[in-house]
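Data block below; observations after.
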Amino acid sequence: CNAQNGEVVGFAEVDARSLGNNENCRASDATTEDGGSASILRSYMYNLAVDKKWKRKGIASALVKACEDFVSNTHDLCIEKRLYLRVRKCNHAAVGLYEKMGYQEMN
């Protein structure tokens, strides 16, 4: 938010999604240490957006970093403490940002 007037200038969301490529599929089953079943979930960031007037000011990077911190420190639904994302290859600005921040394409 803009500290002067409280205007929202950007946002990002994180949720837990199943390992499968299809977002609508049910979580995969895995066996826990006690022989039970557990859903395998990953933390995904989605809907990262910054108001056009506020682009190129480090807000998107700060939002991604906040999502990473949330996942590593707070998001207990997922086994892995890393952030995943999906981005269209044609979104060159986003791809460039993520690559600059150390993200790599997964096969």
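Shown here are the salt bridge (charged side-chain N to carboxylate O under 4.0 Å, His left out) partners of Lys65, two or more places apart in sequence or in another chain: Asp69. In this view, Ala60 and Leu48, Val50, Leu97 satisfy the side chain to side chain contact (heavy atoms under 4.5 Å, CB included) rule, not counting sequence neighbours. With sequence neighbours left out, Gln4 forms a side-chain hydrogen bond (donor to acceptor under 3.5 Å, both in side chains) with no residue at all. Applying the salt bridge (charged side-chain N to carboxylate O under 4.0 Å, His left out) rule to Lys100 yields no partners; only residues at least two apart in sequence or on another chain are considered. With sequence neighbours excluded, the residues forming a side chain to side chain contact (heavy atoms under 4.5 Å, CB included) with Lys53 are Glu7, Asp51, listed by chain and number. With sequence neighbours excluded, the residues that form a side chain to side chain contact (heavy atoms under 4.5 Å, CB included) with Ala94 are Val87, Asn91, Tyr98. Remark: Phe11 pairs with Glu13, Asn47, Ala49 by the side chain to side chain contact (heavy atoms under 4.5 Å, CB included) rule, at least two apart or across chains.
Here the shortest heavy-atom pairing between Gly10 and Leu63 reads C-CD1, 3.9 Å. Residues Arg82 and Val71 share a closest heavy-atom pair of O-CG1, 3.5 Å. Tyr44 and Leu83 make their closest contact through C-CD1, 4.0 Å (heavy atoms, listed as atom of the first residue, atom of the second, distance).
Contact of the Val64 side chain with the Met101 side chain is registered, since non-hydrogen atoms from C-beta on lie closer than 4.5 Å.
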* Start with the C-alpha gap between Lys89 and Glu105, add the side-chain angles, then the distance that decides, and say whether salt bridge (charged side-chain N to carboxylate O under 4.0 Å, His left out) holds. => CA-CA 10 Å; Lys89 289 183 180 188; Glu105 185 175 350; 3.3 Å; yes

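Annotation: cation-pi pair Arg17/Tyr46 present, NZ/CZ under 6.0 Å from the ring centroid and within 45° of its normal.
One finds the CE atom of Met45 at 11.5 Å from the OG atom of Ser43 (value rounded to the nearest 0.5 Å). Taking OG from Ser61 and CD from Glu68, the interatomic distance works out to 9.5 Å, rounded to the nearest 0.5 Å.
Applying the salt bridge (charged side-chain N to carboxylate O under 4.0 Å, His left out) test to every pair with at least one member in residues 90-99, sequence neighbours left out, gives no pairs at all.
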